[in-house]
Amino acid sequence: MMRLSRRRFSVVFAVGLLGPAGVTPQAASATDGLPPLVDVPFYRADSSRSSIEVGPGPASEPKLAWEHVLDKGVNTDPILVGGLLVVGDQDGHLVALDARTGEERWRTTGEGAFTGAPAASGGIVVAADPISIRAFDAAQGTERWHRDVVSDAPRIEIVDEVVYVGTVDGSVRGLDLTTGADRWSWQGDPGSSVRVDLVADGVVYTNPDDGSLLALDLSDGSERWRFVSSTPRLAYGLAGDTVFVTNPVSDEAARKYGQIAAIDAATGDVRWRFVAPSGDGVGAGPSRDGILYVASNLDGMYALRDEGDTYSIAWHIDAPKMYRPLTLVGDTLYGWAEDGTMLAVRAADGQILWKLKGEGSHVLPVISGGMIFTADNGGGPAVQAYADADLIARLPSVEATTEPGATPASSPVLAALPNPITVVDTLDPSTTGIDGAASLAFGPDGDLYVVDTSPRITALTLAGQALRSWGASGAGDGELDFGGTLPSIAVASDGLVYVTEAGNHRVSVFQPDGTFVRHIGSFGDLPGQFLRPFEVMTDSVGNVYVMDDVQRSLSKFDASGAFEWRTGARTDPAVSGYFHRGAVDGQSRVWLTDDGTQRVVAMDDQGRTVESFDVREELDARHLTPDGFGPCGVALDGTGDIFVIECFERAMAVFDPRHHLVGARAEPDGLPFRSAYAFGPDGRLYAVAAAARGRPVAPRDAILVMTVATPASPP
């Protein structure tokens, strides 16, 4: 368990004390005869994070009403204000869409991608980018003010016209909603990153990354109570006099890292804890009339009756994996499952009312005006709205600004470059027996190793014939849990197979025949530990490199699994964003992309940046617009050429060893890349395909086989 120390603090007194937390929902005009669109201006519905929305929702299983494809993947949870759905993308835009039609009304930019979740109050939308907090007019998108405050993916909180946000230097800032001026502040440990998800009843609830939850008195900044956990980040919301906290680990050795604590808001005392039978992840959702509704990773859905010092189970149902809390509208619970299914469940008894099959990993739904609004935060670019068929028939008809499945504006630019890549074969599931391919790598035996989401690892011949496979779900030795993320696979020069497990916070190691060897890493934020490992690579001498999505880090382990070093956005000033899938060259240099700087970076075997280049500068040098291009992966051939994957436009740009752009293949030609690719011993490029939205060019999760003829470099 992490060692905890008491924090020092200083405070600037508030201008005024807070009244009861909460927001009076506002309804957009309903003169069109449609159900009114009631504002949902915060993450988890309101400033108390109740996950209870006014609605109304659909009366039956809904249909797709509209879909709007952003330039880049979705990067924030959406909110609804004044009839506009506001969401941030991964290219630095905050976009407002007409909730009835999906038509874009305005967009604005910050200093990099907006993160976390925006919030709205008094006609103002507030959002956070990597270096600042920015306020915009909710109707027009014009900027009102911005402050240079560096936060850590905050879910903006606004109460009594004060914007509260935690910072990466251990402080909490309270900024005036209309001017951005300082109204309140508190200073904790400068070496800690702090988040604020909740301000209510004169208390600021703050979560430093040491795993504690502090209740700070708003009048003088004093600490009312402290709840201690061994989980760096906590999720929490207020229901009456109880703060429900998700993921307070109490028994890490037994792997019961999924837990809910019911905490007395006045004293900080834990009244009871809930741990699902598997000990895996759970999420506290809405609470009403003494019933707390809980989703889980492995144990289904629960309704827990709060009985003071304990709880009882009102009902329980089997349900797919859910990593986000449920949403309550009227007497219906809504939740997105990991497999892309939305469930509507009757809150009274747990009866499943309908299931809606979608795609990808979705944000919390926003439900209002008879419609469900959602977005794919698993890298997909689409924002979607669902409604009953009769309501869809009455919606305004407009020509969509971005037709679902249409080619983004910059793809024709890339398509104008020489195309060095030709698809020559497709290894689809009917050939390989693999359904849900996620990542691939070649072994020294020449076999192609593929990991899928079932979970299973399969070795194939280059022709796609299955040779052997293994895998089972769980947390034991040899078992796998990908935690709803796409796993990565690598094969070392000695034949050992490495697979990332986000759900078990580790990397598993196998012999080529599937015999379990060992684990690398464990749950935590210390060196050698992981929160969400998502990419693994090996070099020619057996060293292992692992990227962690939450830590924004790259860690190195030797061939025996011993930890050597860790670097990334928190330690290397040259890195500002998240690393993406990469490759290791013959000199043990690790090549990857940094989405914060839009650069391709090469690090030596000591973690030092030894080479880098800006892909957008190269586009400029060729007199091509750089708008809409963001690298998210690297592949290397045997000649030193660098293949940079652009996942959201599904394109690949080719750079020579001098970093000159020499060619590209764009998605209109039919190459819908997922960020999983490798050069085989035959010199051909193998990649996992993800179905192009609305225009599948190959079976979903097929493996595409391509020949590469790199164009000549410019003089």
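All figures in this text were calculated on a predicted structure; none of them were measured in a lab.
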Go through the steps to decide whether Thr341 and Leu356 satisfy the test side-chain contact (heavy atoms from CB on, under 4.5 Å), and finish with yes or no. CA-CA 5 Å; Thr341 301; Leu356 173 69; 6.0 Å; no
Evaluate salt bridge (Lys or Arg N to Asp or Glu O under 4.0 Å) for Glu157 paired with Arg49, printing each intermediate quantity in order. CA-CA 10 Å; Glu157 174 76 318; Arg49 314 304 190 190; 3.6 Å; yes
Side chain to side chain donor-acceptor pair (under 3.5 Å) between Thr374 and Trp336, intermediate numbers included: CA-CA 10 Å; Thr374 186; Trp336 279 109; 3.1 Å; yes
Test side-chain contact (heavy atoms from CB on, under 4.5 Å) on Val294 and Phe244; report intermediate values, then the result. CA-CA 11 Å; Val294 176; Phe244 289 105; over 6 Å; no
Would Arg271 and Thr242 count as a side chain to side chain donor-acceptor pair (under 3.5 Å) here? Give the steps. CA-CA 9 Å; Arg271 296 194 289 105; Thr242 302; 2.7 Å; yes
For the pair Leu298 and Lys321, evaluate side-chain contact (heavy atoms from CB on, under 4.5 Å) and give the outcome as yes or no after the intermediate values. CA-CA 6 Å; Leu298 298 179; Lys321 286 186 178 182; 3.3 Å; yes
Tell me, with the steps shown, if Val40 and Ile79 meet side-chain contact (heavy atoms from CB on, under 4.5 Å). CA-CA 6 Å; Val40 185; Ile79 61 172; 6.0 Å; no
As a quick check of understanding, evaluate salt bridge (Lys or Arg N to Asp or Glu O under 4.0 Å) for Lys63 and Asp388, giving each step before the final call. CA-CA 6 Å; Lys63 308 297 182 183; Asp388 291 326; over 6 Å; no
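Rounded to the nearest 0.5 Å, atoms CZ (Phe530) and OG (Ser522) are 8.5 Å apart. Atoms CZ and CD1, from Arg100 and Ile392 in turn, are 11.5 Å apart once rounded to the nearest 0.5 Å. Summarising the geometry, atom CZ belonging to Phe227 is positioned 7.0 Å from atom CG belonging to Leu234; distances are rounded to the nearest 0.5 Å. Atom CG of residue Asp280 and atom CG of residue Asp481 lie 5.5 Å apart, to the nearest 0.5 angstrom. For the atom pair CG (Leu353) and CG (Asp331), the distance works out to 8.5 Å, reported to the nearest 0.5 Å. Separating the CG atom in Asn75 from the CG atom in Leu94 is a distance of 11.0 Å, to the nearest 0.5 Å.
No side-chain donor-acceptor contact under 3.5 Å links Asp269 to the backbone of Ile263. In this structure, the side chain of Ser368 engages the main chain of Val38 through a donor-acceptor pair within 3.5 Å. Counting only distance, with no hydrogens or angles, the side chain of Asp46 and the backbone of Ser50 share a donor-acceptor pair below 3.5 Å. Of the possible polar contacts, none joining the Asp98 side chain to the Gly83 backbone as a donor-acceptor pair under 3.5 Å is found. Side-chain atoms of Arg273 never come within 3.5 Å of backbone atoms of Gln259 as a donor-acceptor pair (strictly under, hydrogens ignored). Under the 3.5 Å distance criterion, the side-chain polar atoms of His316 are matched with a main-chain donor or acceptor of Asp299. One N or O on the side chain of Asn504 and one on the backbone of Gly474 form a donor-acceptor pair closer than 3.5 Å.
The aromatic rings of Trp272 and Tyr311 are tilted relative to each other, their planes meeting at an angle between 30° and 60°. Below 30°, between 30° and 60°, or above 60°: for Tyr205 and Tyr236 the angle between ring planes is between 30° and 60°, a tilted geometry.
Using a 4.5 Å heavy-atom cutoff, the side chains of Pro325 and Arg44 are in contact. With a 4.5 Å cut-off on side-chain heavy atoms, Val196 and Pro154 do not count as touching. Contact check for Val383 versus Leu85: side-chain heavy atoms found under the 4.5 Å cut-off. Within the 4.5 Å cutoff, side-chain heavy atoms of Trp315 are placed close to those of Tyr293. Considering only heavy atoms from C-beta on, Leu37 comes within 4.5 Å of Leu80 through its side chain. A 4.5 Å side-chain heavy-atom check between Pro41 and Val125 finds every atom pair outside the cut-off. Residues His519 and Val507 fail the side-chain proximity criterion, which asks for heavy atoms closer than 4.5 Å. Residues Ile372 and Val366 have side chains not in contact (no heavy-atom distance under 4.5 Å, counting atoms from C-beta outward).
Between the side chains of Ser60 and Trp354, no donor-acceptor pair of N or O atoms lies under 3.5 Å. Looking at Arg456 and Ser469, their side chains never bring a donor and an acceptor atom within 3.5 Å of each other. Side-chain atoms of Ser488 and Glu535 form a donor-acceptor pair, as typed in the model, at a separation below 3.5 Å.
Phe516 approaches Gly478 most closely through the heavy-atom pair CD1-N, 3.3 Å. Considering every non-hydrogen atom in both Val86 and Pro118, the closest pair reads O-CG, 4.4 Å. The nearest pair of heavy atoms linking Ser48 to Leu198 is CA-CD1, 3.6 Å. Closest of all the heavy-atom pairs between Val270 and Ala261 is CG1-CB, 4.3 Å. Taking all atoms of both residues into account, the shortest heavy-atom contact from Ala337 to Met322 is CA-CG, 4.0 Å. Here the closest non-hydrogen pair linking Ser439 and Ile489 is OG-N, 3.4 Å.
Ion pair Arg532/Asp548 not flagged as a salt bridge, since none of the NZ, NE, NH1 or NH2 atoms sits closer than 4.0 Å to an Asp/Glu carboxylate oxygen. Taking the charged nitrogens against the carboxylate oxygens, Arg324 and Asp77 do have a contact shorter than 4.0 Å, which makes a salt bridge.
Applying the 6.0 Å contact sphere to CG of Asp349 captures more than 12 heavy atoms from other residues, nucleotides or ligands.
The aromatic ring centroids of Phe274 and Tyr302 lie less than 6.0 Å from each other.
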